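Note that the structure is a prediction, hence the values are computed from the model and not measured.
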Amino acid sequence: MTDIKMKSYRPFITENFMWDFPTRFNLKEVSEFLDDDIDPTTQYISNTAKVIMRNDGIYWFIQKKSTKELVGLISLSDLDLENEQAALMVTFKNLTDDEKKEISERLLVFLRDQIALKTILINDLDHIVQEKFINDGYNTPNNNILKRS
């Protein structure tokens with residue numbers, strides 16, 4: 001499993017969305033999504049690129065194909081492929097439950113099947129995403145962990 005390279009996991013295309021690295025998007029749009037100024041946004045994008053290249057995690061912005069609007073950010077950090085664990089953060093803006101489900105299904109396939117994570121540290125995960133993981137083999141020994149045996 002340790003020959004997995006995070007930089008090769010882009011773009012992901014689902015029925016309604018395109019997921020890609022922060023470096024692939026317009027700086028102004030990213031700064032608006034993050035609700036931050038250009039300088040900290042530039043720093044953020046640079047840091048995400050370094051994390052991906054070091055294979056310590058992965059970041060995707062999610063763009064709605066129909067409107068080209070940024071509607072989500074997924075960050076997987078503290079990636080430890082040897083111990084099959086990482087920390088997950090998901091941010092959605094203006095998405096329906098069905099759209100969240102579409103994103104959750106692709107995310108689950110990535111984490112469970114493509115990189116085989118058994119432990120996912122979470123903090124305030126959207127309930128739709130969390131339900132998808134729980135319904136597909138992960139349990140929650142406490143509120144901050146999703147675990148699969």
Looking at every non-hydrogen atom in both residues, tell me the closest pair between W19 and L107 and how far apart they are.
CH2-N, 3.7 Å
Pick out which of D126, D97, V129, N135 makes a side chain to side chain contact (heavy atoms under 4.5 Å, CB included) with S104.
V129
State plainly whether one hydrophobic cluster holds both I128 and L108, where clusters connect Ile, Leu, Val, Met, Phe, Trp and Tyr through side-chain heavy atoms under 4.5 angstrom apart.
no
For Y59 versus I52, what's the shortest heavy-atom pair and its separation?
N-CD1, 3.8 Å
Within 45° of the axis and under 6.0 Å from the centre of the six-membered ring of F92, does NZ or CZ of K100 qualify?
no
Test item: D37 side-chain N/O and D39 main-chain N/O as donor-acceptor pair under 3.5 Å:
no
Heavy-atom count check: over 12 atoms from other residues, nucleotides or ligands less than 6.0 Å from N83 CG?
yes
Do you know which two heavy atoms are closest between N55 and I4, and how far apart they sit?
ND2-O, 2.8 Å
Straight-line distance of T48 OG1 to Q43 CD, nearest 0.5 Å:
10.5 Å
To the nearest 0.5 Å, tell me how far D78 CG sits from S75 OG.
9.0 Å
Could you tell me which non-hydrogen atom of R24 sits nearest to which non-hydrogen atom of R10, and how far apart they are?
NH2-NH1, 3.2 Å
More than 12 heavy atoms from other groups under 6.0 Å of NZ on K65
yes
In Å, rounded to the nearest 0.5 Å, how long is the span from CG of N16 to OG of S66?
7.0 Å
I120 CD1 to L76 CG distance, which is reported to the nearest 0.5 Å
7.5 Å
Residues which pass side chain to side chain contact (heavy atoms under 4.5 Å, CB included) with T23, listed by chain and number, not counting sequence neighbours:
F21, I45, A49
Please check if F133 and L121 belong to a single hydrophobic cluster, counting links between Ile, Leu, Val, Met, Phe, Trp and Tyr side chain heavy atoms closer than 4.5 Å.
no
Between L95 and F17, is a side chain to side chain contact (heavy atoms under 4.5 Å, CB included) present by the stated rule, with each step listed?
CA-CA 11 Å; L95 290 176; F17 301 100; 3.9 Å; yes
Please name the residue in the list K101, R148, R112 that meets the salt bridge (charged side-chain N to carboxylate O under 4.0 Å, His left out) test with D136.
R112
Contact summary for K93 and E32, nearest pair of heavy atoms
NZ-O, 4.0 Å
Would you please say whether a donor-acceptor pair under 3.5 Å links the side chains of Q63 and D20?
no
Any side-chain to backbone donor/acceptor pair from N26 onto E29? Under 3.5 Å, distance only.
yes
Among the clusters formed by ILVMFWY side chains lying less than 4.5 Å apart, do I145 and V90 turn up in the same one?
no
When rounded to the nearest 0.5 angstrom, what is the spacing between CG in L73 and CG in L34?
6.5 Å
Given L88 and I74, is the side chain to side chain contact (heavy atoms under 4.5 Å, CB included) satisfied, shown in steps?
CA-CA 7 Å; L88 174 67; I74 294 177; 3.9 Å; yes
Donor-acceptor pair, distance only, cut-off 3.5 Å: does the side chain of T140 make one with the backbone of N142?
no
Scanning both residues in full, the closest heavy-atom pair of L70 with F33 reads O-CD1, 3.6 Å
Do Y138 and V109 share a hydrophobic cluster, counting only Ile, Leu, Val, Met, Phe, Trp and Tyr and linking them when any side-chain heavy atoms are less than 4.5 Å apart?
no
Step through the shown structure and confirm whether more than 12 heavy atoms of other residues, nucleotides or ligands are within 6.0 Å of CE on M89.
no
K64/E99 salt bridge by N-O under 4.0 Å criterion
yes
Looking at W60 versus F110, is the centre-to-centre ring distance below 6.0 Å?
yes
